[in-house]
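Below, all heavy atoms of this structure are taken into account, side chains as well, without hydrogens, waters or symmetry copies. Order of listing sets the numbers, starting from 1, for every ligand and every atom in it.
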Amino acid sequence: MVQSEINSYQKEVVELLKQVIEPTLKNDIVSLGIVRNLRIVDDYVYLRLYIGSHQQQLQTDVQSKLSFLTWCKKTYIQICTIPGVKITLAVSSGKGGVGKSTTAVNIAAALRLQGAKVGILDADIYGPNVPQMLGLGQADIQVINTPRGDKFLPLEVQGIKLMSVGLLVEENRPLAWRGPVLHKIITQFLQDVEWGELDYLLIDLPPGTGDAQITIIQESPVCGVILVTTPQQVAVADVRRNIYMFRQVGVPVLGIVENMSYLICGDCGARTPIFGSGGGEQLAAELQVPLLGQIPIDPDICSGGDAGNPIAISVGEASRRHRTSPASEVFAQIATALNATFSKTSTLS
Ligand code: ADP
């Protein structure tokens with residue numbers, strides 16, 4: 001087959017795939033990043049479908065749509081899914097220290113408070129600190145025997161299931177995996193955890209745009225990424241690179257969370273944007289992604305993270321008794337927005 005022929009076949013396949021609509025998100029599976037790794041070899045079509053446990057029907061839809069291809073002898077569909085998990089989201093940042101893990105933990109906590117079944121996969125191999133943020137020290141990970149082989153059993157803390165690379169290695173040891181070993185550990189980590197039934201799995205990615213991030217994105221059915229940044233320009237430039245990476249691999253960016261946006265005066269309530277203002281808004285406009293929320297600098301976020309008591313839970317629960325904080329409100333709003341987007345696919349509707 002000559003290249004021009006492959007190109008025109010490829011175009012034809014993409015056109016047909018664009019006619020397959022994901023019923024809840026009401027968008028086509030190409031735009032949603034559900035179909036990736038499309039290849040045409042001779043008269044055969046190969047592709048991967050990145051789907052949640054509730055989206056199996058899409059495989060049949062794709063098969064029947066591609067049966068219209070007169071030249072195609074067979075379509076090979078590889079399913080990329082995490083058993084039991086409906087919606088897999090990644091939380092990412094251009095660089096470390098901007099509050100990515102804090103945001104992941106608090107969004108997970110806010111989703112949990114709103115009734116969702118939530119898990120966090122702490123895949124930040126350079127600084128796996130989610131267990132500490134949820135109040136867990138070093139814990140033994142159990143391996144259980146299932147019909148699909150031996151699996152890690154996640155821990156459960158504050159109603160959130162948790163698995164972390166930090167739990168698999170000795171405390172205070174730097175994680176210095178590289179190349180194929182890194183790839184193997186990450187894929188095992190993604191495939192070999194027995195989550196049970198989850199509405200949301202949040203993956204806390206390592207910061208930046210290296211091999212580890214790309215492997216995680218390519219090996220897991222991430223259906224959207226939340227990017228965390230601070231208002232400083234340096235961080236903002238890194239986030240721009242990050243967004244391009246996700247667009248290149250075809251994963252939709254759900255939006256930006258601007259962390260440490262302002263400081264609230266304890267006396268008068270005035271908001272001071274000490275790291276400058278407008279960075280998140282500017283970036284959101286330039287890259288055409290929504291600004292999901294702006295989180296203030298709040299000492300309770302830091303102490304809650306250190307003490308294993310995320311603000312979204314401590315204040316979120318207290319808010320039922322009329323105590324609230326701007327930060328926990330932003331996390332609650334982000335959770336509400338995620339539920340509004342995905343809820344028909346979860347048990348929450
Ligand atoms: P990252 O995952 O991007 O490396 P972390 O979430 O670990 O960053 O946050 C780095 C530090 O900053 C932690 O000590 C955390 O408690 C603190 N922190 C994050 N966001 C805030 C905030 N909005 N207000 C106060 N402290 C924060």
Side-chain angles (χ1 to χ4, degrees), residues 89-110 120-136 158 160 162 164-167 171-172 174-175 202-210 212-213 216 225-232 234-243 256-266 269 271-277 279-280 283 291-316 324-335:
L89 304 174
V91 182
S92 181
S93 67
K95 62 174 197 171
V98 299
K100 171 181 55 60
S101 301
T102 303
T103 303
V105 165
N106 280 287
I107 291 176
I120 301 186
L121 182 64
D122 176 13
D124 188 346
I125 46 172
Y126 308 117
N129 52 7
V130 174
Q132 186 203 341
M133 288 183 175
L134 281 168
L136 267 180
Q158 317 225 33
I160 297 168
L162 166 69
S164 167
V165 273
L167 297 170
E171 216 169 355
N172 301 327
L175 304 179
L202 268 64
I203 302 183
D204 185 16
L205 289 179
T209 50
Q213 292 82 343
I216 296 165
V225 180
I226 296 166
L227 279 154
V228 183
T229 182
T230 58
Q232 294 105 309
V234 189
V236 165
D238 290 325
V239 173
R240 196 174 279 121
R241 268 196 291 278
N242 218 317
I243 291 188
I256 295 170
V257 172
E258 190 187 72
N259 188 28
M260 310 194 202
S261 294
Y262 54 91
L263 185 70
I264 302 175
C265 171
R271 297 179 171 196
T272 311
I274 57 172
F275 293 132
S277 65
L283 193 74
L291 184 60
L292 296 175
Q294 290 174 300
I295 300 160
I297 299 164
D298 183 339
D300 286 348
I301 292 184
C302 195
S303 57
D306 289 346
N309 201 11
I311 194 165
I313 292 186
S314 55
V315 179
T324 185
S325 84
S328 68
E329 270 166 28
V330 178
F331 291 124
Q333 276 162 20
I334 295 171

Inset, instruction - Report the part of Pro299 in contact with ligand 1, treating N, CA, C, O as backbone and CB onward as side chain, heavy atoms under 4.0 Å; options are side chain, backbone, both, neither. - result: neither
Inset, instruction - Quick one: look at Asn259 and ligand 1, take heavy-atom pairs under 4.0 Å, and tell me if it's side chain, backbone, both or neither. - result: side chain
How far is [atom] from its nearest protein heavy atom, and which residue and atom name does that atom have?
{"atom": "atom 8 (O) of ligand 1", "answer": "Gly99 N, 3.1 Å"}
{"atom": "atom 25 (C) of ligand 1", "answer": "Asp298 O, 3.2 Å"}
{"atom": "atom 18 (N) of ligand 1", "answer": "Met260 CE, 4.0 Å"}
{"atom": "atom 9 (O) of ligand 1", "answer": "Thr102 OG1, 3.5 Å"}

Under 3.5 Å, N or O to N or O, is [X] touching ligand 1 that way?
{"X": "Ser101", "result": "yes"}
{"X": "Ile297", "result": "no"}
{"X": "Lys95", "result": "no"}
{"X": "Asn129", "result": "yes"}
{"X": "Val98", "result": "yes"}
{"X": "Ser93", "result": "no"}
{"X": "Gly96", "result": "no"}

Legend entry - Value rounded to 0.5 Å, distance of CG in Leu291 from CG in Leu227: 11.5 Å
Legend entry - Options Gly127, Cys302, Gly305, Pro310, ranked by nearest heavy atom to atom 16 (O) of ligand 1, top entry: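 Minimum heavy-atom distance to atom 16 (O) of ligand 1 goes to Cys302.
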Legend entry - Minimum non-hydrogen distance to atom 4 (O) of ligand 1, winning option of Pro128, Pro206, Gly97: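 Closest candidate by heavy-atom distance is Gly97.
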Legend entry - Ser303 touching ligand 1 at heavy-atom level, < 4.0 angstrom: no
Inset, instruction - Could you tell me which non-hydrogen atom of Thr230 sits nearest to which non-hydrogen atom of Glu258, and how far apart they are? - result: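 Minimum heavy-atom contact is C-CG, 4.4 Å.
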